[in-house]
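Notes to accompany the following structure.
As the structure lists them, so they are numbered: ligands from 1, and atoms in each ligand from 1. Owing to the predicted nature of the structure, the values given are computational and were not obtained by experimental measurement.
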Amino acid sequence: MNLPPFSTEPSLDFAIPANREAMRAALRQMEGRLGEDYPLVIGGRRVGSTEQIVSVNPAHPDQVVGRHAAAQLEHVEEALAAGWQAFPGWSRTPVEERAAVLVRAAELVRRRRHELAAVMVYEVGKPWDEADGEAAEAVDLMEWYARQALQFASGDRTAPIPGEITQFRYIPLGVGAVISPWNFPVALTTGMTTAALVAGNCVVLKPANTACTTAAFLVRIWEDAGLPPGVINLLTGRGSLVGDPLVDHPQTRFVAFTGSREVGVRINERAARVHPGQRWLKRVQLEMGGKNAVVVDETADLERAARDIAISAFGFQGQKCSAGSRAVVVQQVYDQLLAMVLERVREIRMGDPVDPEVTMGPVVDSAAEEKILDYIEVGKREGELVLGGTKPEGEGYFIEPTVFSGVRSEARIAQEEIFGPVLAVMPARDFEDAIRIANSTEYGLTGSYFSRDPERIAFAKERIHVGNLYVNRKSTGALMGVHPFGGFNMSGTDTKAGGPDYLLFFMQGQSIAERL
Ligand code: NAP
């Protein structure tokens with residue numbers, strides 16, 4: 001199988017009337033589908049449940065996006081059994097055929113990118129550009145992993161020895177759980193799932209309950225691309241009910257998780273336990289939260305830094321693991337930069353993201369809203385509230401973009417992931433102090449450094465301890481295949497999605513020697 005060289009899928013420009021109209025049409029079509037029922041998918045069968053999860057539009061919480069069968073304990077058993085039943089056939093399917101499924105799925109996402117973007121607008125409140133960028137990222141992930149699977153299946157990587165035919169090959173692990181978050185419901189669900197699949201594994205997918213409808217659309221696309229029954233099984237359900245049983249189950253071979261630190265640590269501990277009948281140690285990847293810093297020194301291009309601080313902090317309402325929720329600014333330019341950042345933040349247009357002019361939508365649900373508003377109260381005691389800080393009147397989980405100034409590095413709003421539109425601006429004595437502050441949390445996901453001084457940039461590259469470091473650019477917007485993504489310390493196990501080695505997690509190496 002010969003695939004053309006990988007190149008990233010371009011984002012669409014919604015200033016172009018045809019793109020705008022196509023997205024409007026997809027939103028209208030999605031509006032007509034709101035409130036539909038969706039079953040579980042187990043072994044290719046559509047399965048109902050006694051309980052439902054209702055996914056709602058965070059901009060209009062009375063509007064139901066989808067009603068989903070909520071998986072119960074017996075469904076965990078059934079889904080794992082269906083996966084193991086499909087595994088012998090799928091794992092022995094030639095890698096070229098498995099890669100071809102991903103390439104076909106990528107093509108389907110290209111054709112249906114507006115449809116997928118529209119689901120995200122309604123289900124998680126993504127503004128248009130963000131939603132479209134995410135659909136493009138899903139295409140990149142599948143195209144990248146298809147090529148990677150072919151690469152791992154070819155080539156000699158061991159030394160020959162006379163008198164023996166030797167072989168080293170990668171084989172899949174088995175059936176694993178993919179547990180995904182709601183904030184990148186298309187890209188992250190696609191990335192973890194399709195990497196596992198193309199490596200020859202079968203998957204039980206447990207998406208976040210606030211993004212079930214998006215997951216149901218994706219599973220449909222993979223089925224349409226040619227996945228046999230049982231290779232992908234969809235368990236929409238509450239993590240609090242089915243999460244532990246799925247992780248604990250002796251038939252679960254691996255767990256690929258992206259989500260909060262709290263749930264990730266819990267999975268790590270539980271997956272380490274060996275249960276009766278379990279014949280392996282579970283492999284676990286955990287990509288968790290961030291408290292990312294954008295550092296600015298006095299030599300930096302301040303206009304550019306201010307623009308990128310505002311984008312990093314408030315893009316998708318600050319609900320990105322890569323969000324730049326701390327701006328650490330050298331004292332000499334602190335007041336000037338803060339004023340420039342505030343100017344940028346005031347330009348943000350908050351509202352219902354079905355409107356293409358809206359650049360900031362609602363936060364995902366009432367629990368998120370409550371948590372963020374609580375942190376804003378904490379922030380009022382820890383710094384000076386210089387912008388926002390309130391929830392506007394009316395329906396929807398909207399919170400104004402909020403900026404605190406004069407925040408110290410030990411403050412809770414500088415240490416804990418808020419996961420909302422709240423920026424802590426923090427003064428530093430000089431660039432070294434700024435880097436020390438940037439490194440002062442338990443996380444280590446992304447970070448940015450703005451400077452025009454090559455020596456300081458070299459120093460920052462050595463010292464800022466994060467999985468994804470960006471110089472003179474925003475802390476968000478990693479491109480798959482280009483910026484392998486994953487964090488250090490409490491941000492995760494650094495498996496580097498979209499990187500050259502990501503598939504290794506989902507495979508085991510087998511060495512075969514035949515004496516002549
Ligand atoms: P979350 O609350 O940890 O949920 C993530 C997933 O875990 C959901 O599917 C959830 O199901 C499930 N879950 C809940 N309890 C579980 C349990 N006991 N066992 C197994 N699974 C369980 O995270 P989130 O709110 O969806 O996502 C936001 C978090 O993800 C942030 O911390 C963000 O930084 C992080 N994130 C990290 C990355 C990265 O690459 N490092 C990327 C994106 C997001 P329910 O929804 O049903 O509870």
Side-chain angles (χ1 to χ4, degrees), residues 51 53-55 58 68 70-71 76 123-124 134 137 141 176-193 204-212 214-215 234-249 252 255-271 282 284-292 316-325 363-365 367-368 371-372 416-420 441-446 466-468 475-476 478 480 483-499 502:
E51 203 200 321
I53 291 176
V54 179
S55 174
H68 294 263
V76 172
E123 192 170 38
V124 296
E134 192 175 337
E137 187 175 334
L141 284 159
V178 168
I179 303 176
S180 56
W182 53 264
N183 72 325
F184 282 93
V186 166
L188 293 171
T189 309
T190 296
M192 291 186 286
T193 304
V204 176
L205 169 63
K206 207 318 266 165
N209 72 61
T210 33
C212 289
T214 310
L234 174 64
L235 288 191
T236 42
R238 286 171 220 295
S240 52
L241 179 70
V242 293
D244 288 350
L246 184 57
V247 169
D248 295 347
H249 203 289
T252 298
V255 181
F257 167 85
T258 307
S260 62
R261 174 197 189 285
E262 185 195 353
V263 176
V265 168
R266 180 186 180 93
I267 290 175
N268 200 38
E269 287 172 1
R270 296 189 79 102
K282 288 173 191 167
V284 177
Q285 68 162 253
L286 307 157
E287 297 309 321
M288 309 190 289
K291 191 69 200 179
N292 312 300
F316 188 36
Q317 298 80 271
Q319 301 171 118
K320 298 185 185 182
C321 52
S322 55
S325 52
V363 299
V364 73
D365 60 11
K371 178 181 156 194
I372 296 162
E416 297 171 20
E417 186 184 46
I418 300 172
F419 221 55
T441 78
E442 65 178 11
Y443 293 106
L445 188 47
T446 72
V466 293
N468 285 72
S475 69
T476 55
M480 294 300 99
H483 311 116
F485 190 81
F488 298 160
N489 295 350
M490 279 301 173
S491 290
T493 46
D494 192 41
T495 32
K496 286 291 187 282
Y502 185 68

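For Glu417, the side-chain contact (heavy atoms from CB on, under 4.5 Å) partners at least two apart in sequence or on another chain are Phe419, Tyr443. Residues passing the side-chain contact (heavy atoms from CB on, under 4.5 Å) test with Ala478, sequence neighbours excluded: Tyr470, Met480, His483, Phe485. With sequence neighbours left out, the side-chain contact (heavy atoms from CB on, under 4.5 Å) criterion links Pro58 to Pro362, Tyr397.
Under the 3.5 Å distance criterion, with hydrogens and angles disregarded, no donor-acceptor pair is assigned to the side chains of Ser322 and Thr446. A donor atom on one side chain and an acceptor atom on the other are not found under 3.5 Å apart for Glu287 and Ser491.
Contacts of ligand 1 (protein heavy-atom distance under 4.0 Å) are Ile179, Ser180, Pro181, Trp182, Asn183, Leu188, Lys206, Pro207, Ala208, Asn209, Gly237, Arg238, Gly239, Gly243, Asp244, Phe257, Thr258, Gly259, Ser260, Val263, Arg266, Ile267, Glu287, Met288, Gly289, Cys321, Glu417, Phe419, Leu445, Phe485.
At least one side-chain heavy atom of Tyr502 sits less than 4.5 Å from a side-chain heavy atom of Gln285.
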